[in-house]
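Data block below; observations after.
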Protein chains: 2
Amino acid sequence: MKLSDKKRVNILDAAEQLFFENGVEHTTMDQIAKAAQASKRTVYNHFTTKDALFEAIIIRMVEHLNQDDELRFSNEIAIDIQLTKIAQQEVSLLNSVHFLRIAKIAFMQMLQQPALAEDIASNQFGCMRYLESFLRQGVANNKLQIEDIEFAAKQFVYQLKSFVFYPVLFGFETPDSLPITKIIEQTVATFLSRYQAE
Amino acid sequence: MKLSDKKRVNILDAAEQLFFENGVEHTTMDQIAKAAQASKRTVYNHFTTKDALFEAIIIRMVEHLNQDDELRFSNEIAIDIQLTKIAQQEVSLLNSVHFLRIAKIAFMQMLQQPALAEDIASNQFGCMRYLESFLRQGVANNKLQIEDIEFAAKQFVYQLKSFVFYPVLFGFETPDSLPITKIIEQTVATFLSRYQAE
DNA sequence: CAAGAAGTAAACTATTAAGTTTACTTTTAA
DNA sequence: TTAAAAGTAAACTTAATAGTTTACTTCTTG
């Protein structure tokens, strides 16, 4: 790997860490240069402005988000098992260091500049990419009884987010402190008591 | 009302508006003075630092939050009616301009300085003040069947927040664009299908 | 109504941080 | 192996903005 590429990675790593810890506004380009073991001029050779650096970080983070495989509905496996599996994957995404970092950095900027919001919100992450079609198949196969599939999908994901994501994002909880198993169990149970076909 | 008091109010109003629109960091004391029709010196006579002004705004906002009356469990009224009433009050709090403003301003700071978080999080707002004891009475009166009351209360409130609060806070939705009635209906229905006593 | 409390505009200071320049050294690739 | 691409440290410019000072005016209250 060329020195130039190494420096680039160092700069991105250092900036990601510092932006996450202190916020974009409270991180100086001098700090980034120092933490990256690069000169300030090198930082500016790679990224013409602080904004460009911020953008590059968000892009890299989104790329690095390991999107778990889409789970396909199966008529052979009990619906609660399948929903539990989806919930587990979702929670592991929501609680990953990577996702929390993107979220914190992005939300900070978003709250100040709503223009950024749409950009980030339009991306579909995690199980929301496929949950609606999963549920549709559950209904088609008489395992579920749902009138408004879009709404039901939101209920499911929002319930997980409310318990495992926002409290950590805002610093009220740490990922370790959460009763993950119980949260998943109860989310699935609540969802099914409402939507399981008789 | 004395001129001095008027100026104080003007300054708080102007700062609240500007902090909300642009964030605390992107609001200058000169802007605040101008918007408040006061001299900068007057601003500093009332509030010794920008931080002190910020704090005063948060305190005033919290005071102004009209906390609806605590709803007491009644064995005479159907449980779904009672939960709907609670949900309605909660949604009107979560969607009030006042609450959204506090939330946006406070969360912005919170995401940057987790120390602030505890302070704000420790306050119990809305129906969370009494929902657990409400549910406990529902259980005692055989209207509800709940094992973990604390958890169930969170499920109820989180579901409302997920639909009516976070999307507005982050700018994905406006309060008017939400199908409030449906959200309340469905939240209550889901909660009861899980927890209503047979 | 007079003293002092509080208001005003505007210039000033000090600090912070983004981005540039300079003079020089190290990597890299034809 | 050598030219150019990229690195370096450190001093510099520029702009923004928190907070102060000054010289003066207007409220307010005993």
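Every chain is numbered from 1 and lettered A, B, ... according to where its sequence line falls, protein lines coming before strand lines.
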I need the [atom1]-[atom2] distance between [X] and [N], as an integer number of Å.
X     : N      : atom1 : atom2 : answer
A/Y44 : C/dT20 : OH    : P     : 7 Å
A/N45 : D/dA4  : CG    : C1'   : 14 Å
A/K50 : C/dT20 : NZ    : P     : 15 Å
A/D30 : C/dA18 : CG    : P     : 7 Å
B/L18 : D/dT17 : CG    : P     : 13 Å
A/K34 : D/dA9  : NZ    : P     : 12 Å
B/F54 : D/dA18 : CZ    : C1'   : 17 Å
B/E25 : C/dT16 : CD    : P     : 15 Å

Quick test: give all pairs of protein nitrogen or oxygen and nucleotides 21-27 of chain C nitrogen or oxygen below 3.5 Å, distance rounded to 0.1 Å.
none

Checklist entry - For B/K6 and D/dC27, is the shortest distance between a side-chain N/O and OP1 or OP2 below 4.0 Å? => result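 No, outside the criterion.
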Next on the checklist: Looking at D/dG7, I'd like to know if its phosphate oxygens (OP1 or OP2) sit under 4.0 Å from a side-chain N or O belonging to A/H46.
Outcome noted: yes
Checklist outcome for this item: Writing each nucleotide of DNA chain C 5' to 3' as (, ), [, ], | or . by Watson-Crick or G-U pairing under 3.5 Å yields ||||||||||||||||||||||||||||||
So, taking the atom named [atom1] in [X] and the one named [atom2] in [Y], what distance separates them when rounded to the nearest 0.5 Å?
X      : Y      : atom1 : atom2 : result
A/F163 : A/L178 : CZ    : CG    : 10.0 Å
B/Q155 : B/D148 : CD    : CG    : 9.0 Å
B/F134 : B/I149 : CZ    : CD1   : 11.5 Å

Identify each atom pair where a protein N or O and an N or O of nucleotides 12-16 of chain D are less than 3.5 Å apart, giving names and distance.
none

Next on the checklist: By the 4.0 Å heavy-atom rule, please label B/T49 as base, sugar-phosphate, or nothing.
Outcome noted: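 Sugar-phosphate, no base atom in range.
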Next on the checklist: Over all strands shown, is A/Q31 touching base, sugar-phosphate only, or nothing at heavy-atom distances under 4.0 angstrom?
Outcome noted: nothing
Next on the checklist: Which residues pass the salt bridge (Lys or Arg N to Asp or Glu O under 4.0 Å) test with B/K7, not counting sequence neighbours?
Outcome noted: none
Next on the checklist: Just by distance, no angles: are the side chains of A/R72 and A/Q137 close enough, under 3.5 Å, to form a donor-acceptor pair?
Outcome noted: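 No, no side-chain donor-acceptor pair sits under 3.5 Å.
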Checklist entry - Any donor-acceptor pair under 3.5 Å linking the side chain of A/R129 with the backbone of A/G126? => result yes
Item to check | B/L100 to B/L169 - nearest heavy-atom pair and separation | outcome: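 In terms of heavy atoms, the two residues are closest at CD2-N, 4.2 Å.
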Checklist entry - Where the side chain of A/M29 is concerned, which of D/dT8, C/dA18, D/dG19 is the nearest nucleotide? => result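 Selected nucleotide: C/dA18.
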Checklist entry - Closest to the A/S39 side chain: D/dA9, C/dG19, C/dG7? => result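 Comparing D/dA9, C/dG19, C/dG7 against the side chain of A/S39, the answer is D/dA9.
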Using distance only, find each side-chain donor-acceptor pair of residues 10-20 of chain A under 3.5 Å and give its atom names and separation, not counting sequence neighbours.
{"residue": "A/D13", "atom": "OD1", "partner": "A/R60", "partner atom": "NH1", "Å": "3.0"}
{"residue": "A/D13", "atom": "OD1", "partner": "A/R60", "partner atom": "NH2", "Å": "3.0"}
{"residue": "A/E16", "atom": "OE1", "partner": "A/R60", "partner atom": "NH2", "Å": "2.9"}
{"residue": "A/E16", "atom": "OE2", "partner": "A/R101", "partner atom": "NH1", "Å": "3.0"}
{"residue": "A/Q17", "atom": "OE1", "partner": "A/R101", "partner atom": "NH2", "Å": "2.7"}
{"residue": "A/Q17", "atom": "NE2", "partner": "A/E21", "partner atom": "OE2", "Å": "2.4"}

Next on the checklist: Quick check on A/K161: does its NZ atom have over 12 non-hydrogen neighbours (other residues, nucleotides or ligands) under 6.0 Å away?
Outcome noted: no
Checklist entry - Is the count of non-hydrogen atoms from other residues, nucleotides or ligands lying under 6.0 Å from B/Q37 atom CD greater than 12? => result no
Item to check | 5' priority, DNA chain D, between B/D51 and A/A38 [closest heavy atom] | outcome: A/A38
Item to check | Sub-4.5 Å side-chain heavy-atom contact between A/Q31 and A/T28 | outcome: yes
N/O donor to acceptor pairs below 3.5 angstrom from side-chain atoms of residues 85-93 of chain A, sequence neighbours left out:
{"residue": "A/E90", "atom": "OE1", "partner": "A/C127", "partner atom": "N", "Å": "2.7"}
{"residue": "A/S92", "atom": "OG", "partner": "A/Q89", "partner atom": "O", "Å": "3.1"}

